Amino acid sequence: MKKVIMLLVVALTSACASTGMYSTPSGSDTATVEVENLLDTGTQEATEGATGWQMPGMAAASRVGVFTVDGDRVDESGGDKMVTLDAGEHTIQLFADDGGMLRFKKFSMTFEEGAEYVIKVMRNDGKKNFRATVANKAAPETVLEEVSF
């Protein structure tokens, strides 16, 4: 009887739980965030001049994107390059995959209504870490947030 009750409790709680998938808002009080991949910048010249055998799959292009918004996954396949958010404070989790070096980073920021933001993901100076800068597309020189991961 105890097992039956436990199974019933588990079934009910899983049915009531959210799917964990982010639902894109619509309306005029939204902001958009686009992720730009700068990890490949400068690596193509080095690859073109390289000689010899390379392990298959190692020359694959890097990927970056938004993994979660406020804890909910953006996409089932791993992430997205552009998301729409309600205006206000949100926690965004980025991912960067550069030939087997997979990293994640969360940060919180307040997004303004109607604004368009760009997150640029690049290598840090040490080349073993990544760095992401957030800027409003209307003023791309002004960095609003910077995180390393």
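Keep in mind that what you see is a predicted model, and the values were worked out from it rather than measured.
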Review point. Could you walk me through whether Ser62 and Asn37 pass the side-chain hydrogen bond (donor to acceptor under 3.5 Å, both in side chains) check?
Key: CA-CA 8 Å; Ser62 61; Asn37 182 359; 3.1 Å; yes
Point to revise | 4.5 Å side-chain heavy-atom contact, Phe149 and Phe104 | key: no
Exercise for review: Give the intermediate values and the outcome of side-chain contact (heavy atoms from CB on, under 4.5 Å) for residues Asn136 and Leu144.
Suggested key: CA-CA 8 Å; Asn136 191 319; Leu144 303 172; 4.2 Å; yes
Review point. Does Arg123 reach the main-chain N or O of Leu39 with its side chain, forming a donor-acceptor pair under 3.5 Å?
Key: yes
Review point. Are Phe67 and Phe107 connected in the hydrophobic side-chain network, where two residues link if heavy atoms are under 4.5 Å apart?
Key: no
Exercise for review: Nearest 0.5 Å please: distance from the CG atom of Leu94 over to the CZ atom of Phe130.
Suggested key: 11.5 Å
**Study point:** From Met122 atom CE to Ile119 atom CD1, the distance as rounded to the nearest 0.5 Å
**Key:** 11.0 Å
Review point. When rounded to the nearest 0.5 angstrom, what is the spacing between CD in Glu34 and NZ in Lys81?
Key: 8.5 Å
Review point. Judged by modelled atom types alone, do Thr32 and Thr84 share a side-chain donor-acceptor pair under 3.5 Å?
Key: no
Check your understanding: With hydrophobic residues grouped by side-chain heavy-atom distances under 4.5 Å, do Leu102 and Val64 end up in a single group?
Key -> no
Check your understanding: Is the number of heavy atoms from other residues, nucleotides or ligands under 6.0 Å of Arg63 CZ greater than 12?
Key -> no
Exercise for review: Determine whether Tyr22 and Arg73 make a side-chain contact, defined as any pair of heavy atoms from C-beta on separated by less than 4.5 Å.
Suggested key: no
Exercise for review: Evaluate whether atom CD of Glu112 has more than 12 neighbouring non-hydrogen atoms of other residues, nucleotides or ligands under 6.0 angstrom away.
Suggested key: no
**Study point:** Test item: Leu85 and Val69 side chains (from C-beta on) under 4.5 Å apart, heavy atoms
**Key:** yes
Exercise for review: Identify the heavy atoms of Ala135 and Thr142 that sit nearest to each other, and give their distance.
Suggested key: CB-O, 3.4 Å
**Study point:** Pairwise distance CZ(Phe95) to OG1(Thr68) - rounded to 0.5 angstrom
**Key:** 11.0 Å
Exercise for review: Mark yes or no for whether Asp97, through its side chain, and Arg103, through its backbone, hold a donor-acceptor pair below 3.5 Å.
Suggested key: no
Point to revise | Side chain proximity check, Val134 to Ile92, heavy atoms < 4.5 angstrom | key: no
Review point. If you group Ile, Leu, Val, Met, Phe, Trp and Tyr by side-chain heavy-atom gaps below 4.5 Å, do Val143 and Val33 land in one group?
Key: no
Practice item. Determine, step by step, whether Tyr117 and Met109 satisfy the side-chain contact (heavy atoms from CB on, under 4.5 Å) criterion, reporting the C-alpha distance in whole Å, the side-chain angles of both residues, the deciding distance to 0.1 Å, and the verdict. Key: CA-CA 11 Å; Tyr117 297 89; Met109 189 173 141; 3.8 Å; yes
Practice item. Establish whether Val66 and Val147 are linked, either directly or via other cluster members, by ILVMFWY side-chain heavy-atom contacts under 4.5 Å. Key: yes
Point to revise | From CA spacing to verdict: side-chain contact (heavy atoms from CB on, under 4.5 Å), Asp72, Met21 | key: CA-CA 5 Å; Asp72 292 332; Met21 293 302 294; 5.9 Å; no
Exercise for review: First locate atom CD of Gln93, then atom CG of Asp70, and finally report the distance between them rounded to the nearest 0.5 Å.
Suggested key: 11.5 Å
Review point. Hey, mind stepping through Ser148 and Asn124 against side-chain contact (heavy atoms from CB on, under 4.5 Å) and telling me if it holds?
Key: CA-CA 7 Å; Ser148 293; Asn124 229 348; 3.3 Å; yes
Exercise for review: Salt-bridge test for Glu146 and Arg131: reply yes if a basic N is under 4.0 Å from a carboxylate O, no otherwise.
Suggested key: yes
Check your understanding: Within a reach of under 6.0 Å around NZ of Lys137, are more than 12 heavy atoms found that belong to other residues, nucleotides or ligands?
Key -> yes
Point to revise | Geometric class of the Phe111/His90 ring pair [parallel <30°, tilted 30-60°, perpendicular >60°] | key: tilted
